2 protein chains.
Amino acid sequence: MARPRQALLTRERIVEAASALVDAEGLDALSTRRLATELSVQGPSLYNHFATKSDIVDAVADAVIEQVDVSAFGTFPWDEALRRWARSYHAVLSAHPNIVPVLAQGPGRRPGGLAMAEAVYGALVDAGWSYARATHIGALMRYLVTGSALGSFALGFDVDPQLYDRYPHLGHAPRLAEHHEAVDEGAFELGLDLLITGLTARYEMGTR
Amino acid sequence: MARPRQALLTRERIVEAASALVDAEGLDALSTRRLATELSVQGPSLYNHFATKSDIVDAVADAVIEQVDVSAFGTFPWDEALRRWARSYHAVLSAHPNIVPVLAQGPGRRPGGLAMAEAVYGALVDAGWSYARATHIGALMRYLVTGSALGSFALGFDVDPQLYDRYPHLGHAPRLAEHHEAVDEGAFELGLDLLITGLTARYEMGTR
DNA sequence: ACCTGAACACCGTTCAAGT
DNA sequence: ACCTGAACACCGTTCAAGT
């Protein structure tokens, strides 16, 4: 087969297959040859649609960010909007943890990432926050969300109980995994509440 | 050359060279062959000292964590200790950003990571925080520190000004890079202050 | 325009052979 | 015990050849 009259690949199909592969088996499992096999073509065919593998990864990352709901910024006061956006951002990234290392690097040139930054920053500035503080708040929210999505805290400890013999306070560590969702959610919600409550207090004091 | 009478390699020398390579050129530059070349041996020689490349990466990560100063937990009240530890943790990770994706996965079986967790968790529990809250606070601090060290917020935006024509609020984005240190530090310090202040308030209210 | 096979310069890891 | 060369099964990417 050389060129078929109907193209075998589209950017959309490639991104879909790549996303599924990353979600199912992780970033390391995404190789151009493996992805091509999944799409029933040969590796080099992908280069007719993307210039590099990195561009494919970026497209996967942006498809995830586009799922984040920023609509609250149009309909709620800044603090409630921030809370709703952060929860959506957190939920989306927690559903796709394998791509988080890419998202944690920032929006770069990705349209979805830039659109999200525009919505957040615009809403904060419109609410009266200084440019500097609006930037800090946007950064801080990204730190919290990517930091929590990047690695489950509760699953970050090896389950071998014997490992903790030398650490008197860590006896419960190997059993954290059993309720890791509650632990990770609890930590995120605590952080979100502390940040928003603290920001609201400062806002009302006029230190914006 | 077969076996020399004095071993050419030690685990220490391998970790040192690997750390230097990761710091200078990033995790992707760390290949067994490249690392071996740096040490004037052949690739397979490394396997006499480490079982897998992953074990080498873990050793590099733990060498970084061991630099974090946890001594404040013995000498200061929990809130001040938390603040001092977090700043040290942040400074160390910011000095070695390329290894942060590994650290963000948790301590696993790494002794340095476990020792740090022991110090933090122990101090919080001793101060009167519940097991659940102590876990949440430890998680939260890791989220903030790894999230901020993983990718500079200010450097996460492409510098091409034309890119921002469609985003009315992001006109300053390409110039964030000029003062990225101040921006990233400001966001981290804001976050740290909001978290500790909020935790202190809850502690004093008795909700531990 | 778009897919292919062949090729290049890489990977991590195994293993028998050497001292 | 520890280093080596050869080998295996992989990588990302280029490119001329095909329709």
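Note that this is a predicted model, so its numbers are computed, not measured. Every chain is numbered from 1, with letters handed out A, B, ... down the list of sequences.
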Length of the line joining [X]:[atom1] and [N]:[atom2], which is rounded to integer Å:
X: B:Leu8; N: D:dC2; atom1: CG; atom2: C1'; value: 8 Å
X: A:Leu35; N: D:dC11; atom1: CG; atom2: P; value: 11 Å
X: A:Leu21; N: D:dC11; atom1: CG; atom2: P; value: 10 Å
X: B:Leu9; N: D:dT4; atom1: CG; atom2: C1'; value: 12 Å
X: A:Leu39; N: C:dT4; atom1: CG; atom2: C1'; value: 16 Å
X: B:Asn48; N: D:dA1; atom1: CG; atom2: P; value: 11 Å
X: B:Gln6; N: D:dA1; atom1: CD; atom2: P; value: 16 Å
X: B:Gln42; N: D:dT4; atom1: CD; atom2: C1'; value: 7 Å

Distance from [X] atom [atom1] to [Y] atom [atom2], nearest 0.5 Å?
X: A:Ile65; Y: A:Met116; atom1: CD1; atom2: CE; answer: 4.0 Å
X: B:Ile99; Y: B:Asp62; atom1: CD1; atom2: CG; answer: 10.5 Å
X: B:Phe157; Y: B:Arg175; atom1: CZ; atom2: CZ; answer: 14.0 Å

How does protein reach along nucleotides 12-19 of chain D, written 5' to 3' as B (base within reach of a heavy atom under 4.0 Å), S (only sugar-phosphate), or - (no contact)? BBBB--BB
Who pairs with [N] - Watson-Crick or G-U, where each distance is under 3.5 Å:
N: C:dA17; result: none
N: C:dC3; result: none
N: C:dC10; result: none

Heavy-atom donor-acceptor pair, B:Tyr164 side chain to B:Asp158 backbone, under 3.5 Å: yes
Quick one: does NZ or CZ of B:Arg84 land under 6.0 Å from the six-membered ring centre of B:Phe76, within 45 degrees of the ring axis? yes
Between B:Tyr143 and A:Phe153, how do the two ring planes meet: parallel, tilted or perpendicular, split at 30° and 60°? perpendicular
Can you label the angle between the B:Tyr121 ring and the A:His169 ring as parallel, tilted or perpendicular, going by 30° and 60°? perpendicular
For D:dC3, does OP1 or OP2 lie under 4.0 Å from any side-chain N or O of B:His49? yes
